[in-house]
Each structure stands twice: as C-alpha cells, then as structure tokens.
Amino acid sequence: MNDDIRKNMALFPIGIVMKLTDLTARQIRYYEQHELVMPARTGGNQRLYSFNDVSRLLEIKDLIEKGVNIAGIKQVLHTVSQDSDEATVITEQTENKRREMTDSQLHKMLKQQLINGKRPGQVSLIQGELSRFFH
DNA sequence: ATTCTAACA
DNA sequence: TGTTAGGA
C-alpha cells in the first residue's frame with residue numbers, strides 16, 4: 001500500500017516527537033547514535049521524524065521500561081528495515097513475521113540469561129534490577 | 001522560540 | 001540520563 005510512503009514521510013521535529021513518545025530529546029538523540037532510529041534532516045540539520053520513526057521510538061521506550069538495554073533492543077528491532085516503498089512491501093511483511101518470532105525469542109533469551117547467568121564473551125541484554133522481576 | 005553538538009561541579 | 005554552553 002502506498003500508505004507506507006506516508007508513514008515514512010519526514011514530518012515532525014524532535015519537539016513534537018518528545019510529546020508523542022514521552023521521551024526526552026537526550027534519549028531520542030541517544031537512540032539515534034546507536035542506530036535504533038535514523039530520522040531525516042532538514043537543510044538546517046534539524047531532525048525530521050516520520051510516523052514509522054515514532055512507532056519505532058515507542059517500541060524502544062517499551063523495551064527500555066522492561067529493562068532491555070541497547071544491545072537487546074537492537075536484536076529485537078534489527079530485522080525491521082528502516083523504510084519501505086512499494087517494492088519493499090512484500091519483504092517487510094516477511095520481516096514482520098520475523099519480528100514477532102524475535103519478540104518471543106527475546107523472552108527465552110532473557111530468561112536464559114537470568115537463569116544461566118552471563119557466560120564469557122556474551123553481552124548482557126538486560127540491565128538494572130528490573131531483570132529480577134522478569135521471571 | 002527550537003534544535004544541534006559536545007561535554008561534565 | 002540530566003543539564004548546560006554556545007551557535008545556527
């Protein structure tokens with residue numbers, strides 16, 4: 001659906017995104033540094049977010065609240081392609097299914113880490129004490 | 001009035 | 001993450 005071009009159209013500045021997501025500008029920019037979102041820029045170097053960017057940030061916010069760190073969030077959202085034109089629609093539908101799988105896999109990974117404890121060479125996907133309430 | 005980058009009593 | 005300086 002050509003609806004995706006609208007969802008990917010750069011529309012709002014960071015100020016509006018802050019109200020839409022209840023995230024601070026600091027957090028929004030920080031997530032961008034970690035490539036969790038890459039908004040468009042205006043001629044004046046100002047960020048412009050699309051509907052897709054906003055929903056992405058909402059997903060990120062949700063995971064952060066659940067105690068998942070950047071590394072973990074990347075694994076959950078990495079399969080989601082940044083944009084999608086008509087040629088990418090089919091691919092995206094496939095990836096959406098993969099995303100759902102990844103989501104359930106996340107719980108297994110979290111539980112696995114909580115039970116088996118971190119083993120050498122493996123990066124922790126959880127952070128803080130919230131992880132203790134995750135069983 | 002808003003947003004941007006860089007940096008930390 | 002918060003906050004602030006200094007500039008666009």
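Here is the naming used below: chain letters follow the sequence lines, and residue numbers restart at 1 for every chain.
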Would you compute the distance between atom CG of Asn69(A) and atom NZ of Lys74(A) and round it to the nearest 0.5 angstrom? 10.0 Å
Quick check on Phe51(A): does its CZ atom have over 12 non-hydrogen neighbours (other residues, nucleotides or ligands) under 6.0 Å away?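 At most 12 heavy atoms, drawn from other residues, nucleotides or ligands, come within 6.0 Å of this atom.
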Quick one: are Arg41(A) and Gln46(A) in side-chain contact, heavy atoms under 4.5 Å? no
Just wondering, do Lys19(A) and Phe12(A) contact through their side chains at under 4.5 Å, heavy atoms?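 The answer is no; the side chains never approach within 4.5 Å.
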Can you tell which of Thr21(A), Asp22(A), Asn52(A) makes a side chain to side chain contact (heavy atoms under 4.5 Å, CB included) with Leu57(A)? Thr21(A)
Using only atom types and a distance under 3.5 Å, with no angle test, would you say the side chain of Asp53(A) pairs donor to acceptor with the backbone of Ser50(A)?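 Yes: the side chain of Asp53(A) pairs with the backbone of Ser50(A).
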Any idea which heavy atoms bring Leu20(A) and Leu58(A) closest together, and the distance?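 Closest approach of Leu20(A) to Leu58(A), heavy atoms only: O-CD2, 4.0 Å.
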Quick tally for nucleotides 2-9 of chain B: nucleotides whose base has a protein heavy atom under 4.0 Å get B, sugar-phosphate-only ones S, the rest -, giving BSSB-B--
In what stems does DNA chain C take part, counting only runs of at least 3 consecutive Watson-Crick or G-U pairs whose two distances fall under 3.5 Å? B:4-8 with C:2-6
